[in-house]
Protein chains: 2
Amino acid sequence: MLTCEESRILTTSVRQRRPAFDRENGVEIARRLFHASGYDAVGIADLTQALGIVPPSLYAAYGSKLGLFERVLQSYCANNTLPLEKHLRPGRPPAEALTELMVAAARHYTRDPEQLGCMVTEAMQADDQQARALAASLAKTGSDVIRSYVAQYAARKDVERIADYVLLNLRGLSSYARLGYTQKKLVDCSRTAGRALDAEFA
Amino acid sequence: MLTCEESRILTTSVRQRRPAFDRENGVEIARRLFHASGYDAVGIADLTQALGIVPPSLYAAYGSKLGLFERVLQSYCANNTLPLEKHLRPGRPPAEALTELMVAAARHYTRDPEQLGCMVTEAMQADDQQARALAASLAKTGSDVIRSYVAQYAARKDVERIADYVLLNLRGLSSYARLGYTQKKLVDCSRTAGRALDAEFA
DNA sequence: AAATATATATATCGATCGCTACATGCGTCG
DNA sequence: CGACGCATGTAGCGATCGATATATATATTT
């Protein structure tokens, strides 16, 4: 049984005056735009047109272009990043696991011709300084997972170098995916990159 | 002995009314700006301010922002690219030569904190479509040199894959240089990348 | 010296950037 | 009902984008 006060708070906080527009779906649509063209190249006009709203609605919902982009990045990380833990699960040869990770990245980055590469990785090279910072912060999470995985198998002095090598190749895969390289070429590159890991962990 | 007409053509084509401003030096200054910030992020105002001129002078001298950028890229390729032929000279183990090339790239890309990475490679990711096309055209020259070098040592079916792998790592080196990675880290990455080539050419 | 040609400087152009003040429509509440 | 609150639509903000029309200054040619 709710008190009168509790009931009032509940209804007012849950209630939606008007459906407005679907903000979650808006983030999804914006994600496609940002992924396809990058942060700088997508303007407010592009976003509002795609969302079927006018600028004030966008700013009321997300605060700013950067605010929307932050939500987009979070949504992307929650749903679209590589399942790092899946590929890097313990108990298998690390060179094999890391190679499989790079191959999976090659496939993932070329899955959809309009969503090429890794949005986080690419956003780290945006012209806008704040967008770069957002992306870098999110990218660090992934880098740390890879680094600490490598640390379980490699000598302390080699950890940083090997992790950097894998990350650099992932960066290259994302770039080349955006340049239009075929999935086959990128998978081949990933396998070739893996041969260095075979040598490292031999 | 020149005819009157020949003499006239000669003098009119050679003559310089006023020194105007030093266009070659202007290209040099613009090169630094474009290399530091990328094509999209450098505006006409930045350029004219750095050159100490006003917009009409810039347009009279170079035609357009893109025209100036084209001159900049050509100057860059003529003076600042890696000496591919030097590192890829014949008669040495190809894995060694290609590794040395990547190490040299790592050094070159981090030589000057304000000129990080490879300007051509980075320009291929510009938002402006025409700037991308210019850069891609120039980049192809370099790619072809590496590909045909690899073709001298690898089996036909492996050439494309190995060349792509090297190019992808060069792309990663340029990106990571721009992200602020230290020279040491990038050199380490290059050496690590070379281990895959050791295996390939073994 | 007069005429011509060139390069400069002044002062914008129209378009687009991210963003917002303001009025209106709509729904909820006293 | 009438007052209030919120999200919308209209219209436009100041700033910057790449690029220019126009006029002036300078230097060469006749």
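Chain A is the first sequence line, chain B the second, and so forth, proteins listed ahead of strands; every chain is numbered from 1.
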Problem set entry | B:Thr110/B:Tyr181 under side-chain contact (heavy atoms from CB on, under 4.5 Å): CA gap, chis, key distance, verdict | CA-CA 8 Å; B:Thr110 52; B:Tyr181 271 54; over 6 Å; no
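- By the salt bridge (charged side-chain N to carboxylate O under 4.0 Å, His left out) test, A:Glu96 is found to be paired with A:Arg92, residues two or more places apart in sequence or in another chain being considered.
- Nucleotide D:dG18 holds its P atom 14 Å from the CD1 atom of B:Ile53, rounded to whole Å.
- In this structure, A:Ser57 does not reach the D:dA7 phosphate: none of its side-chain N or O atoms is under 4.0 Å from OP1 or OP2.
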Exercise. Between B:Leu170 and B:Thr121, is a side-chain contact (heavy atoms from CB on, under 4.5 Å) present by the stated rule, with each step listed?
Worked result: CA-CA 9 Å; B:Leu170 289 175; B:Thr121 298; over 6 Å; no
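- Under the 4.0 Å criterion applied to side-chain N and carboxylate O atoms, A:Lys185 and A:Asp188 are not assigned as salt-bridge partners.
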For this session: Step by step, work out the side-chain contact (heavy atoms from CB on, under 4.5 Å) result for B:Asn169 and B:Tyr165.
Result: CA-CA 6 Å; B:Asn169 270 272; B:Tyr165 169 71; 3.1 Å; yes
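- Every residue was checked against the ring pair (Phe, Tyr, Trp, His ring centres under 6.0 Å) condition with B:Tyr109, not counting sequence neighbours, and none meets it.
- The CZ atom of B:Arg23 sits 7 Å away from the P atom of C:dT8 (whole-angstrom rounding).
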Polar atoms only, N or O, under 3.5 Å: list the protein pairs with nucleotides 16-20 of chain C and their distances.
{"unit_1": "C:dG18", "atom_1": "OP1", "unit_2": "A:Val42", "atom_2": "O", "d": "3.4"}
{"unit_1": "C:dG18", "atom_1": "OP1", "unit_2": "A:Lys65", "atom_2": "NZ", "d": "2.7"}
{"unit_1": "C:dG18", "atom_1": "OP2", "unit_2": "A:Ile44", "atom_2": "N", "d": "2.8"}
{"unit_1": "C:dC19", "atom_1": "OP2", "unit_2": "A:Tyr59", "atom_2": "OH", "d": "2.8"}
{"unit_1": "C:dC19", "atom_1": "OP2", "unit_2": "A:Lys65", "atom_2": "N", "d": "3.1"}
{"unit_1": "C:dC19", "atom_1": "O5'", "unit_2": "A:Tyr59", "atom_2": "OH", "d": "3.2"}

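- Rounded to an integer number of Å, the gap from B:Leu51 CG to C:dT8 P is 11 Å.
- Straight-line distance from the CZ atom of B:Phe69 to the C1' atom of D:dC17: 17 Å, rounded to whole Å.
- A:Leu58 places its CG atom 12 Å from the P atom of D:dG9, with the value rounded to the nearest Å.
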